[in-house]
Amino acid sequence: MKIEKIYARSIQEALEIIEKNYGNKAQIVYSRVIKKKRFKLLPFFGEKLLEVVIKINEDEKEFREVLNEEAKSLKEEKEREELYREIEELKRMVKELMRFKSENLEADLEKRFSRRVVLLFEKMVSRGVSEETAEKLISDACGYDIDYGVYDFKDEMFSALKDSLKNNIKLYTNFFENTPKVIALVGPTGVGKTTTIAKLAFHLKKRNKSIGIISLDSFRVGAFEQLKKFAEVLEVPFKVADSPESFNEALTQLKNKETILVDTAGRSHYDVIKLKELEEYFSVSEVHPFLTLAANLSEQVMYEVVSRFSSLPLRGLVFTKLDETSFWGSMINVAYKTQLPILCFTTGQSLPENIVMANYDFLTRLILDEDNEVGYTA
């Protein structure tokens with residue numbers, strides 16, 4: 001609030017000045033008639049004026065701006081609320097549609113398949129396998145039972161499912177018999193590439209393979225030192241490369257080895273520049289990159305990683321941290337959709353036992369929720 005004085009020859013003129021300059025934000029406090037000098041040094045020359053003292057509650061221009069901002073804010077808030085309501089409604093509709101679709105699919109399955117087949121379908125879906133993938137796997141495991149008029153497992157459940165997996169999921173099953181010359185594990189940070197490299201090195205050495213290890217990860221000092229010490233214990237040569245040229249030199253130095261294992265630094269699948277650098281490393285020699293994914297990643301993230309790393313000549317998949325999730329269905333979906341062969345699974349941090357070389361018996365037991373022998377490697 002502020003006080004102003006208005007001088008006018010009449011009350012009408014004063015009101016007009018107030019209205020023009022302050023609108024309805026001015027309030028008259030008092031008024032009086034005064035004689036105002038025209039010239040300071042000549043007091044006898046003056047005129048009578050009306051002095052009006054007014055109180056201004058708020059600057060009108062500022063007040064209007066505030067009102068406009070508030071109105072705009074309220075409008076935006078209302079639009080946001082409306083948008084949120086629409087999104088929630090769409091979510092509800094999608095959820096309802098999926099539930100309806102799922103119920104119809106299960107009802108259709110119950111008409112076409114035996115009860116034990118439907119139960120397996122439900123078990124797979126509960127573990128994260130998509131309905132599409134689950135239906136494909138059970139359909140390929142079944143044959144028509146004329147006596148009961150439904151589809152049932154062609155053979156005993158384990159054998160039938162195992163045969164279906166062979167037709168739909170690719171595995172790198174002859175790794176130790178047909179080991180690539182240069183194997184590199186690539187993937188995001190923290191998925192367990194270095195630990196898996198150490199486990200693979202142990203089992204290759206156990207089978208009397210001559211091996212060497214190259215690390216392209218000189219940034220994480222702790223991991224680098226641990227892998228170096230592990231190589232020393234195994235009595236295998238260990239090299240470090242920080243450029244495509246030094247990588248090619250290290251490969252040349254280890255050319256007499258049957259297998260060379262390459263550990264790479266974790267790279268965000270959003271970091272295009274780092275992925276391009278990795279392409280340059282692998283352009284100097286024939287490298288077999290295997291994309292390493294943690295089994296506890298969401299399926300959407302897995303697909304994003306596969307998409308980003310597809311600029312490399314991926315030869316297969318490695319799934320780690322199976323011990324950290326009971327929802328392994330995403331792993332099955334990704335393997336089925338991409339048709340990249342699975343090289344191995346890791347089931348814990350312990351060296352060297354917590355690794356499972358991909359085999360259909362293990363995968364079948366996993367889906368049937370049967371106990372798997374941790375450390376089964378053949």
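Everything quoted here is computed from the prediction, not taken from an experiment.
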Looking only at non-hydrogen atoms, find the nearest pair between [X] and [Y] and report the distance.
X: I342; Y: A335; answer: CD1-CB, 3.9 Å
X: H203; Y: I355; answer: NE2-CG2, 3.4 Å
X: I367; Y: M124; answer: CG2-CG, 3.7 Å
X: A231; Y: F238; answer: CB-CB, 3.8 Å
X: M302; Y: A295; answer: CE-O, 3.8 Å
X: A134; Y: V129; answer: N-CG1, 3.7 Å

Hey, does [Y] have a side-chain heavy atom less than 4.5 Å from the side chain of [X]?
X: Y7; Y: V52; result: no
X: E13; Y: L50; result: no
X: P313; Y: P289; result: yes
X: V236; Y: K205; result: yes
X: D263; Y: I214; result: no
X: M357; Y: L200; result: yes
X: V262; Y: F247; result: yes
X: L137; Y: I332; result: yes

Answer yes if [X] and [Y] sit in the same cluster of Ile, Leu, Val, Met, Phe, Trp and Tyr residues linked by side chain heavy atoms under 4.5 Å apart, and no otherwise.
X: M331; Y: L293; result: yes
X: L317; Y: L275; result: yes
X: V191; Y: V334; result: no
X: V117; Y: L368; result: yes

Checklist entry - Considering residues, nucleotides and ligands other than K255, do more than 12 of their heavy atoms fall under 6.0 Å from its NZ? => result no

Checklist entry - Around atom CD of Q339, are there more than 12 heavy atoms of other residues, nucleotides or ligands at under 6.0 Å? => result yes

Atom [atom1] of [X] and atom [atom2] of [Y]: how far apart are they, to the nearest 0.5 Å?
X: S210; Y: E258; atom1: OG; atom2: CD; result: 4.0 Å
X: D369; Y: L120; atom1: CG; atom2: CG; result: 9.5 Å
X: F202; Y: F230; atom1: CZ; atom2: CZ; result: 7.0 Å
X: S243; Y: E249; atom1: OG; atom2: CD; result: 8.5 Å
X: L234; Y: I211; atom1: CG; atom2: CD1; result: 6.0 Å
X: L314; Y: L291; atom1: CG; atom2: CG; result: 5.5 Å

Item to check | Where at least one partner belongs to residues 317-333, residue pairs that pass salt bridge (charged side-chain N to carboxylate O under 4.0 Å, His left out), sequence neighbours excluded | outcome: none

Ignoring hydrogens and geometry, is there a side-chain-to-backbone donor-acceptor pair from [X] to [Y] under 3.5 Å?
X: K239; Y: I213; result: no
X: T264; Y: L185; result: yes
X: S164; Y: I138; result: no
X: K193; Y: P188; result: yes
X: T346; Y: G348; result: no
X: Y172; Y: C344; result: no
X: N359; Y: F362; result: yes
X: K209; Y: F176; result: yes
X: R127; Y: K123; result: no
X: K166; Y: Y360; result: no

Next on the checklist: Pair F327, N296 - check side chain to side chain contact (heavy atoms under 4.5 Å, CB included), show working.
Outcome noted: CA-CA 7 Å; F327 296 95; N296 56 5; over 6 Å; no

Determine all donor-acceptor pairs shorter than 3.5 Å in which one atom belongs to a side chain in residues 152-161; sequence neighbours excluded.
unit_1: D152; atom_1: OD1; unit_2: S114; atom_2: OG; d: 2.9
unit_1: D152; atom_1: OD1; unit_2: R116; atom_2: NE; d: 3.0
unit_1: D152; atom_1: OD2; unit_2: R116; atom_2: NH2; d: 3.4
unit_1: K154; atom_1: NZ; unit_2: D140; atom_2: O; d: 3.3
unit_1: E156; atom_1: OE1; unit_2: F158; atom_2: N; d: 3.2
unit_1: E156; atom_1: OE1; unit_2: S159; atom_2: N; d: 3.3
unit_1: E156; atom_1: OE2; unit_2: F158; atom_2: N; d: 3.2

Checklist entry - Listed by chain and number, what are the ring pair (Phe, Tyr, Trp, His ring centres under 6.0 Å) partners of Y151, not counting sequence neighbours? => result F113, Y144

Checklist entry - Going through the distances and angles, do Y336 and N333 end up as a side chain to side chain contact (heavy atoms under 4.5 Å, CB included)? => result CA-CA 5 Å; Y336 174 70; N333 297 334; 5.8 Å; no

Checklist entry - Passes side chain to side chain contact (heavy atoms under 4.5 Å, CB included), V318 versus F345? Steps please. => result CA-CA 6 Å; V318 170; F345 309 92; over 6 Å; no

Quick one: do the [X] and [Y] side chains pair a donor with an acceptor below 3.5 Å?
X: Y303; Y: E299; result: yes
X: S130; Y: T133; result: yes
X: S311; Y: E279; result: yes

Item to check | K162/D361 salt bridge by N-O under 4.0 Å criterion | outcome: yes

Next on the checklist: Less than 4.0 angstrom from a charged side-chain N to a carboxylate O is my criterion; do E135 and R112 meet it?
Outcome noted: yes

Next on the checklist: Apply side chain to side chain contact (heavy atoms under 4.5 Å, CB included) to residues F290 and I183 and explain how you reach the verdict.
Outcome noted: CA-CA 7 Å; F290 287 84; I183 302 165; 3.7 Å; yes

